[in-house]
Chemist: 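The structure is given below, and queries will be raised subsequently.
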Protein chains: 2
Amino acid sequence: MEAVRSITINDVAAKAGVSIKTVSRVLNREPNVKDDTRERVLAAVQELNYKPNVSARSLAGSRSYLIGVFFDNPSPAYNADVHMGAVLRCREAGYHLLVEPLDSTAADFASQLIPMLATLRVDGVLLTPPVCDSPVLLDALDAAQVPYVRVAPDGQLDRAAYVHMDDRRAAAEMTSHLIGLGHRDIGFIKGHPDHGASHLREEGFREAMKAHGVAVREDWVVQGWFSFQSGFEAAKTLLAAKDRPTAVFASNDDMALGVIAAAHQLRLTVPDDLSVVGFDDTPSARMVWPQLTTIRQPIANMAAAAADLLISGEMTTEDGAPASRLLDFELVVRDSTKPLKG
Amino acid sequence: MEAVRSITINDVAAKAGVSIKTVSRVLNREPNVKDDTRERVLAAVQELNYKPNVSARSLAGSRSYLIGVFFDNPSPAYNADVHMGAVLRCREAGYHLLVEPLDSTAADFASQLIPMLATLRVDGVLLTPPVCDSPVLLDALDAAQVPYVRVAPDGQLDRAAYVHMDDRRAAAEMTSHLIGLGHRDIGFIKGHPDHGASHLREEGFREAMKAHGVAVREDWVVQGWFSFQSGFEAAKTLLAAKDRPTAVFASNDDMALGVIAAAHQLRLTVPDDLSVVGFDDTPSARMVWPQLTTIRQPIANMAAAAADLLISGEMTTEDGAPASRLLDFELVVRDSTKPLKG
DNA sequence: CCGCGCCATGACAACGCTGTCAACGCGAAC
DNA sequence: GTTCGCGTTGACAGCGTTGTCATGGCGCGG
């Protein structure tokens, strides 16, 4: 069978009657090409349906048109959102996405990715929690001089560009929603202490309580680990006593689902006997009854914004500080919350 | 700052005192290299921590060491599992994974990916449901002469290599589990009619019922669309009547969760008043109370096996038929099933 | 002892593109 | 009219690897 030789820049150059370098210039949007010439080249590209070869580009030039995504997030939904958001933005810009799951518990964790960086020459990487907060990883990336953008990082914000949302304000809004419904006895389940978002969300909760002049009952603020199980257990202690909250704010959806499960088991009806809210808007939040009131994180948008920074190369602001982007969240009111009965 | 020139094959060749071609031979496991020489080269590679440049390899040779994953699956958990399984196997073999979400509802659906194939020169692609059953996509891939392996395809099995599990037998086993628990009045919620798995699962259900001599009540076999909502609605009709099944087999977990939600709403207790089972073992299956009895699909393993076929190039059996691999499922018994009370 | 063939190795071109630098043409400034 | 400068273009050399082909050495049979 005849090998299908693909169309090269030479073919385009010949067709347009210019040198390959000029075609290259047009393709890379370099300045100093006459409009006339540019159009002729573009026409030839169209006609031949020419697509540049990424390998050749990356070998010859300094860009690989490849962006890596490292992740070690236990939530598949989160990862999928990230991929989706990033890949869409990448596609627009002619970039492609390389996914690399990482096992951050492995001892040789950082060494897993150095070979990849060396082999692929990615133009940048996109880091999501929790790996985006690993100093080891960040150091390795810095050493390899690979640009990176962090999504929802926790601290060390001056270290590199990042994209985030206002967890604190979101938690405050959610708390206000509960208070607006008449709730005063609100329990809070904290997230994994290693995740920065946990602290932000707790702060937001406390802030809003204070702003509304509602006291926080410290024995109703319990530790969780972002897992269904931890939410389930936290809720059991929270709800077992006669003296129990009328609403529970879990720091993420998985734990909120645990709360709902615990409530079921204790024969409490949600939302009649207990309002429950979560944070994240995972797919599971809609797969229970009652469907969960929660905060929708703009995960895909954050990933897209991060990809944007990487592609445009705007990793620092004019004064040299790391660039950042703040995206909006959304309070999604569903069926797990209800005004406190008289 | 001094540019960090990375280590090339030249450096290794110099250090080992051989030509670059010999290094290349060692790296590619080509024959006709003296053991002595091979060891010397390997030592130099180790010492310099040399990593071949994928772009150069792909440009010069015929392989890109890149594998693409196309997907358009609504379930993020499914996609994540696929990525994970595939990427792990790829890593072992020095390959990398490129993810490409596809919008199969878009009109120019196939044209989205042709550029990518032309640009990236991937060595193969991995197709998951539902895109793995798109004739348009398959045709495009054939035309572009890109090898591909399908995961859990529906029909046209003689068209290309694939990896699958026995949906029918799994459904039969699940049904037997229910019957073994004493259930005779079993409702069944069908999956999306466009998914091949739907039919297989229904067949397995009917087979097992027949094998145990239990009649299928056709009015208890209702259509669903694999979504929570469709399961919820199907369950409402199923459970509303006085004369209702004691167990419901939903063709996937999302629908099973819908059934549980509907049961809650109707004040039926699962599993005391009703046993519910699903299929897939999604993360959500464990985030409800009671946790769902379901079938664990070996998604990651299927993806790994598919990557395996792609990498090894064993796309056809000796007699020219497409290669295939059958993987095992697992029946996971949790809390949503219970022996029928006396 | 000569010649053939195979194993082991290397020289060199090629892959498709970008970076560098030189060259050209044309209008402005002198 | 000549010079200078700038906008525009092209020639050419890599980028780091693999494919092709040539070369040299060595064992073995005649």
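Quantities reported herein were computed from a predicted structural model and do not represent experimental measurements. Note: hydrogens, waters and symmetry copies are ignored here, and every other heavy atom, side chains too, is used. A, B, ... follow the sequence lines: proteins, then strands. Residue 1 opens every chain.
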Chemist: Just the rounded figure in Å: distance from P of D/dG7 to CG of A/Asp36.
Modeler: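 Those two atoms, CG and P, are 18 Å apart.
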Chemist: Which label fits B/His83 and B/Phe71: parallel for a plane angle under 30°, tilted from 30 to 60°, or perpendicular past 60°?
Modeler: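 Answer is perpendicular, since the angle exceeds 60°.
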Chemist: Between the base of D/dG7 and the side chain of A/Lys34, is there any donor-acceptor pair under 3.5 Å?
Modeler: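 No, the side chain and the base share no sub-3.5 Å donor-acceptor pair.
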Chemist: Is A/Thr37 near enough to D/dT9 that one of its side-chain N or O atoms lies under 4.0 angstrom from OP1 or OP2?
Modeler: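 Indeed, a polar side-chain atom of A/Thr37 lies that close.
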Chemist: Counting any heavy atom closer than 4.0 Å, what does A/Asn32 reach on the DNA or RNA strands: base, sugar-phosphate only, or nothing?
Modeler: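 Touches a base.
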Chemist: Pick base, sugar-phosphate or nothing for A/Ser58, based on heavy-atom distances below 4.0 Å to the nucleic acid.
Modeler: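 The residue A/Ser58 makes no contact with any strand.
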Chemist: Categorize B/Tyr65 for me: base, sugar-phosphate, or nothing, with a 4.0 angstrom heavy-atom threshold over every strand shown.
Modeler: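 The answer is nothing, as B/Tyr65 stays clear of every strand by at least 4.0 Å.
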Chemist: Go nucleotide by nucleotide along DNA chain D from the 5' end; which of A/Arg38 and B/Leu59 gets its closest nucleotide reached first?
Modeler: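 It is A/Arg38, whose closest nucleotide lies nearer the 5' terminus.
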Chemist: Looking at every strand, decide which applies to A/Pro31 at a 4.0 Å heavy-atom threshold: base, sugar-phosphate, or nothing.
Modeler: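 Since no nucleic acid heavy atom lies under 4.0 Å of A/Pro31, the category is nothing.
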Chemist: Between atom CD in A/Glu30 and atom P in D/dG10, what is the gap in whole Å?
Modeler: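 Distance check: A/Glu30 CD to D/dG10 P gives 13 Å.
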Chemist: Determine, for A/Tyr65 and A/Arg57, whether the Lys NZ or Arg CZ falls below 6.0 Å from the six-membered ring centre while staying within 45 degrees of the axis.
Modeler: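 Yes, cation above the ring, under 6.0 Å and within 45°.
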Chemist: Decide, yes or no, whether a salt bridge links B/Glu100 with A/Arg91 under the criterion of side-chain N to carboxylate O below 4.0 Å.
Modeler: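 Yes, this pair counts.
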Chemist: Considering just the side-chain nitrogens and oxygens of B/Asn53, establish if one lies under 4.0 Å of OP1 or OP2 belonging to D/dC15.
Modeler: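 Result: no.
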Chemist: With distance as the sole criterion, is a donor-acceptor pair present between the side chains of A/Ser55 and B/Ser58 under 3.5 Å?
Modeler: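 Yes - a donor-acceptor pair under 3.5 Å links their side chains.
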Chemist: Base, sugar-phosphate, or nothing: which does A/Ser55 touch, judged by heavy atoms less than 4.0 Å apart?
Modeler: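 Contact class for A/Ser55: none.
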Chemist: From the set D/dG16, D/dT8, D/dC15, return the single nucleotide nearest to any side-chain atom of B/Ala60.
Modeler: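 The closest nucleotide is D/dG16.
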Chemist: To the nearest angstrom, how far is B/Ile7 atom CD1 from D/dT17 atom P?
Modeler: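 Taking atom P of D/dT17 as the reference, CD1 of B/Ile7 is at 11 Å.
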Chemist: Would one find more than 12 heavy atoms of other residues, nucleotides or ligands at under 6.0 Å from atom NZ of B/Lys15?
Modeler: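 No, the 6.0 Å shell around NZ holds no more than 12 heavy atoms from other groups.
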Chemist: Return the value, rounded to whole Å, for the distance between atom CZ of A/Arg121 and atom P of D/dC15.
Modeler: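 It works out to 12 Å between those atoms.
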Chemist: Write down the distance between CD1 (B/Ile9) and C1' (D/dG19), rounded to a whole number of angstrom.
Modeler: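 The answer, rounded to whole Å, is 13 Å.
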Chemist: Does A/Asp139 pair with A/Arg159 as a salt bridge, N-O distance under 4.0 Å?
Modeler: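 Looking at A/Asp139 and A/Arg159, the cut-off is met.
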Chemist: Let me spell it out: for each of B/Val18 and B/Gly61, pick the nucleotide of DNA chain C with the closest heavy atom. Which residue's pick is nearer the 5' end?
Modeler: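 Checking each residue's closest nucleotide, the 5'-ward one belongs to B/Val18.
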Chemist: Atom NZ of B/Lys21 and atom C1' of D/dT23: how far apart are they, to the nearest Å?
Modeler: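 Going from B/Lys21 (NZ) to D/dT23 (C1'), I get 16 Å.
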Chemist: Side chains of B/Leu126 and B/Phe70, heavy atoms from C-beta outward: is any pair under 4.5 Å?
Modeler: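 A side-chain contact under 4.5 Å is absent here.
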Chemist: Check every nucleotide of DNA chain C for an atom under 4.0 Å from a heavy-atom of chain A, then give the first and the last such nucleotide from 5' to 3'.
Modeler: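 Listing 5' to 3', DNA chain C meets chain A from C/dG16 to C/dT20.
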Chemist: Mark yes or no for a side-chain to base donor-acceptor pair under 3.5 Å between A/Arg25 and D/dG10, with no hydrogen or angle criteria applied.
Modeler: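 Donor-acceptor pair under 3.5 Å: yes.
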Chemist: What I'd like to find out is whether the side chain of B/Val151 reaches to under 4.5 Å of the side chain of B/Val82, using heavy atoms alone.
Modeler: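 Heavy-atom side-chain distance check fails, nothing below 4.5 Å.
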